[in-house]
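Contents: one structure, followed by commentary.
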Amino acid sequence: MAEPDHEELEAIFEERAKFFTPRWFGDLFAGRLAPGDTFWAGNYGPALVVVPLIVILALFTALISPGHLGAFFGSFAVAAGIYRIAVLIGLTRSVWRAEAGPTFWRWVGVLWTVFEAVALIWLGLGLFGG
């Protein structure tokens, strides 16, 4: 594969600059992104920032108020599950709109997102109770 020239690199950087902006999230939840972008960047992209923040907040919570991490992690798990439902809606729309390419893996992505949303909400509610 040949190295991209300056104009191609500029186009790549411009496209990447659009990720994780309010407009990008609007496109994500509306299903206007490609199924692969919706699944991978929608489900796992925000975790690159959120997970380290949760770990830092959990550390301080454990230091300040030991024994209250169940509710702390439960609230984040439920919020992550609700977020996954929003991604699921966009992913389903995106899969229906896509015209080319293999459909099997697209629907595997939809089912996986359903599984993660349900599991996160179930886990989060369990952490509140116990």
Side-chain angles (χ1 to χ4, degrees):
M1 183 172 166
E3 291 290 320
D5 63 15
H6 181 71
E7 289 178 12
E8 291 172 328
L9 286 174
E10 287 296 321
I12 291 169
F13 292 139
E14 284 180 27
E15 185 65 29
R16 286 183 183 169
K18 296 175 186 175
F19 275 51
F20 307 116
T21 62
R23 182 179 179 134
W24 182 86
F25 279 106
D27 290 341
L28 172 75
F29 299 141
R32 290 188 290 265
L33 302 177
D37 290 343
T38 304
F39 177 79
W40 290 108
N43 279 330
Y44 305 111
L48 297 172
V49 174
V50 173
V51 170
L53 290 175
I54 291 172
V55 170
I56 292 169
L57 289 173
L59 172 69
F60 288 120
T61 301
L63 291 172
I64 295 168
S65 181
H68 292 90
L69 286 177
F72 175 83
F73 283 117
S75 63
F76 279 105
V78 170
I82 293 168
Y83 171 79
R84 283 297 204 298
I85 291 171
V87 171
L88 174 66
I89 293 167
L91 180 58
T92 304
R93 289 177 179 168
S94 178
V95 166
W96 280 115
R97 290 179 183 164
E99 296 176 8
T103 58
F104 174 77
W105 288 112
R106 293 178 189 164
W107 290 109
V108 169
V110 169
L111 292 174
W112 182 257
T113 305
V114 168
F115 167 73
E116 284 190 336
V118 171
L120 283 164
I121 292 171
W122 178 75
L123 173 68
L125 294 175
L127 287 171
F128 279 117

Handout entry: With sequence neighbours excluded, residues passing side chain to side chain contact (heavy atoms under 4.5 Å, CB included) with V95
Key = P35, L91, R106, W107, V110
Practice task
Using the salt bridge (charged side-chain N to carboxylate O under 4.0 Å, His left out) rule, collect all pairs that involve residues 40-56, keeping only residues at least two apart or in two chains.
Solution key: none
Completion exercise
residues 57-80 vs ring-ring contact (aromatic ring centres under 6.0 Å, His included), sequence neighbours excluded, gives F72-F76
Exercise for the section: Check whether any side-chain N or O of S94 sits under 3.5 Å from a backbone N or O of G90 as a donor-acceptor pair, and report yes or no. Expected result: no
Problem - Set of residues satisfying salt bridge (Lys or Arg N to Asp or Glu O under 4.0 Å) with respect to D37, sequence neighbours excluded - result: none
Completion exercise
Connected to F29, directly or through other members, by ILVMFWY side-chain contacts below 4.5 Å are F19, F20, W24, F25, L28, L33, Y83, V87
Practice task
Search all heavy atoms of P4 against all heavy atoms of L9 and return the closest pair with its distance.
Solution key: CG-CD2, 3.7 Å
Problem - I82 reachable from L125 in the ILVMFWY side-chain graph, under 4.5 Å edges - result: yes
Problem - Where at least one partner belongs to residues 9-21, residue pairs that pass side chain to side chain donor-acceptor pair (under 3.5 Å), sequence neighbours excluded - result: none
Exercise for the section: With sequence neighbours left out, write down each residue that passes side chain to side chain contact (heavy atoms under 4.5 Å, CB included) with I89, or none if nothing qualifies. Expected result: I85, R93
Please tabulate, for the side chains in residues 42-54, all donor-acceptor contacts under 3.5 angstrom to protein atoms that are two or more places apart in sequence or on a different chain.
| from | atom 1 | to | atom 2 | distance (Å) |
| --- | --- | --- | --- | --- |
| N43 | OD1 | R84 | NE | 3.1 |
| N43 | ND2 | F39 | O | 3.3 |
| N43 | ND2 | T113 | OG1 | 3.0 |
| Y44 | OH | W112 | NE1 | 2.9 |
| Y44 | OH | E116 | OE1 | 3.2 |
| Y44 | OH | E116 | OE2 | 2.8 |

Practice task
Give the cluster check for W40 versus L88: same hydrophobic cluster or not, with ILVMFWY residues linked at side-chain heavy-atom distances below 4.5 Å.
Solution key: yes
Practice task
Tell me who clusters with V108, hydrophobic residues only, linked when side chains sit under 4.5 Å apart either directly or through other members.
Solution key: F104, W105
Practice task
Could you name each residue pair satisfying salt bridge (charged side-chain N to carboxylate O under 4.0 Å, His left out) that touches residues 55-74, not counting sequence neighbours?
Solution key: none
Completion exercise
Residues joined to L111 in its hydrophobic cluster, side chain to side chain under 4.5 Å directly or through other members, sorted by chain and number, are none
Exercise for the section: For R97, check salt bridge (Lys or Arg N to Asp or Glu O under 4.0 Å) against everything at least two apart and list the hits. Expected result: none
